[in-house]
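Okay, so here's the structure we're looking at.
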Number of protein chains: 2
Amino acid sequence: MTQKKLDNYWQHSVTVDTVVFTIEENELKILLIKRRNEPFRGLPALAGGFLQPNERLEDAALRVLADKAGLQNVYLEQLYTFDEMFRDPRGPVISVGYFALTPRNSIVFKNDKQIEEPGLYSLKHLPKLAFDHQSIIAYALKRLRAKLEYTNIAYSLLPKQFTLSQLQKTYEIILGLKLDKRNFLKKYLSLGLIEQTDKFFSAGRQRPARLYHFTSKKIAELKRWF
Amino acid sequence: MTQKKLDNYWQHSVTVDTVVFTIEENELKILLIKRRNEPFRGLPALAGGFLQPNERLEDAALRVLADKAGLQNVYLEQLYTFDEMFRDPRGPVISVGYFALTPRNSIVFKNDKQIEEPGLYSLKHLPKLAFDHQSIIAYALKRLRAKLEYTNIAYSLLPKQFTLSQLQKTYEIILGLKLDKRNFLKKYLSLGLIEQTDKFFSAGRQRPARLYHFTSKKIAELKRWF
DNA sequence: CCAAAAGTGTTGACTGTACACCCATGT
DNA sequence: ACATGGGTGTACAGTCAACACTTTTGG
């Protein structure tokens with residue numbers, strides 16, 4: 001070990017910031033938390049926090065999600081590492097961005113005495129955000145849309161059993177377009193990712209819809225479609 | 001500013017490591033540099049270095065490429081941020097991985113007195129590498145192959161003017177498969193990315209090949225093909 | 001004139017897209 | 001009975017994949 005300490009001298013603050021997507025009331029929403037500290041006190045921000053010593057990046061992201069929204073078993077994927085945080089008034093900070101997907105009902109807001117206010121915000125009317133989190137969100141949305149088209153990550157947004165309408169609506173909401181019912185079904189079934197159960201779901205005065213489930217929980221890479 | 005210094009207290013070493021791809025002698029090669037310091041002294045490693053105070057991540061990558069291989073104007077893209085560097089004997093290090101593309105003749109090895117030995121290594125027979133750089137390379141290769149199929153980044157590996165054979169060979173070498181000459185040309189021309197010049201390139205006793213050039217230097221996102 | 005790479009079209013298979021009606025249920 | 005979303009097939013168009021011979025040059 002002739003390595004001099006000097007080479008290793010400069011150190012940097014590192015944060016992990018996660019864009020948590022979920023679907024609620026037929027809208028794509030993200031989890032934001034009002035900051036209770038400066039800078040940007042009072043503005044909503046992504047679920048984030050400083051990386052602690054000897055902590056893995058992904059573990060830090062998971063820790064923050066569990067602490068702030070009771071989240072467990074989410075789909076989590078690293079996005080990009082931003083240094084726009086040079087705009088952080090406290091000085092340079094490296095921010096490793098993640099994105100997460102979860103069904104709405106897995107989010108449990110903890111109401112402890114801290115003034116932090118977590119909430120779900122529709123992507124359609126986002127308020128002004130802390131830091132440059134706006135651009136991290138834009139990046140995450142782009143990635144989400146791309147991945148939806150060539151993987152089965154939709155799995156992570158849906159309950160274990162779901163109707164074809166729910167599945168299709170998930171795609172429509174995220175991609176922002178209308179899809180043809182028959183073509184959608186045809187393609188999706190041909191992929192072999194889902195199969196029908198013998199259960200049905202009844203919602204009011206309509207014909208009950210058959211419930212389906214994903215055959216594999218593993219995230220699969222598929223050929224691009226649409 | 002009620003922010004306590006505590007929140008910001010933990011600091012981390014951050015390195016930037018770049019996988020530089022180029023094509024030489026009909027092979028895909030990467031730039032590696034023999035380490036002259038511990039740890040892993042003597043083993044080849046990616047072009048990398050510590051992020052300096054107040055330096056942007058991308059600037060750090062560019063600085064290292066310019067210093068170690070005289071590279072200018074490369075295509076550079078952030079890959080992923082690794083914390084496998086927990087295996088670094090010196091302690092935890094965050095490594096932001098980049099990948100770069102450049103034509104072979106843009107690489108100029110500087111032979112200063114330092115014992116660093118930069119060189120191009122074929123991906124087919126890589127030696128044992130320092131750190132976990134093997135896995136960064138695997139990741140970069142995956143990304144390169146994917147991007148080749150839906151963007152025009154091939155542009156960054158070729159000279160300003162090139163023959164169709166060169167272009168096709170670039171794809172074949174990177175993707176590791178043989179492509180049909182007519183189908184390749186048909187698709188590529190239909191994208192409108194390249195156009196023919198009125199110049200020809202003569203290589204020995206064959207019919208001279210027409211030279212083409214890219215119409216736009218901007219990296220375009222295309223629909224996936226192949 | 002020979003070797004070597006350049007250049008050039010057609011066909012069949014497949015995949016994607018557009019499109020409309022009957023069904024089962026709750027009220 | 002009716003309103004509501006559930007469920008189903010076909011035909012056309014566009015894209016992809018396979019395939020072989022002639023041309024031009026240098027030696």
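Here is how names work: the chains are called A, B, and so on, in the same order as the sequence lines, proteins then strands, and each is numbered from 1.
- Taking the side chain of B:P208 as heavy atoms from C-beta on, and the options D:dT24, C:dA18, D:dG7, the nearest nucleotide is D:dT24.
- Comparing B:R210 and B:R205 by the nucleotide of DNA chain C whose heavy atom lies nearest to each, the residue mapping closer to the 5' end is B:R205.
- Here C:dG7 presents its P atom at 6 Å from CZ of B:R207, a figure rounded to the nearest Å.
- Taking the six-membered ring for Trp and the full ring otherwise, B:Y188 and B:Y212 have centroids separated by 6.0 Å or more.
- Comparing C:dA20, D:dG5, C:dA24 by their closest approach to the side chain of A:S165 singles out D:dG5.
- Across the protein-nucleic acid pair, B:K187 atom NZ and D:dA17 atom C1' stand 8 Å apart, rounded to whole Å.
- Atom CD in A:E149 sits roughly 16 Å away from atom C1' in C:dT15 (whole-Å rounding).
- Picking from C:dT8, D:dT8, C:dT17 the nucleotide with the shortest atom distance to the side chain of A:K181 gives D:dT8.
- Rounded to whole Å, atom P of C:dG7 lies 16 Å from atom CG of B:N183.
- Between the CG atom of A:L179 and the P atom of C:dA18 there is a distance of 11 Å, given to the nearest Å.
- Put simply, CD on B:Q168 is 11 Å from P on C:dG7, counting in whole angstrom units.
- Of the possible polar contacts, none joining the B:E27 side chain to the B:E24 backbone as a donor-acceptor pair under 3.5 Å is found.
- Between the P atom of D:dG5 and the CD atom of A:Q166 lies a distance of 14 Å, rounded to the nearest Å.
- What separates CG of A:L185 from P of D:dG6 is a distance of 12 Å, to the nearest Å.
- The listed nucleotides are C:dG7, D:dA18, C:dG26; the one nearest the side chain of B:K186 is D:dA18.
- Centroid-to-centroid, the aromatic rings of B:F162 and B:F201 stay 6.0 Å apart or farther.
- Minimum atom distance to the side chain of B:R182 is reached by D:dA20, of the listed D:dA20, D:dA18, D:dG5.
- Between A:D180 and A:Q206, it is A:D180 whose nearest contact on DNA chain C lies nearer the 5' terminus.
- Few gaps surround CZ on B:F200; more than 12 heavy atoms of other groups in view lie less than 6.0 Å from it.
- Using cut-offs of 30° and 60° for the angle between ring planes, the B:Y80 and B:Y139 rings count as tilted.
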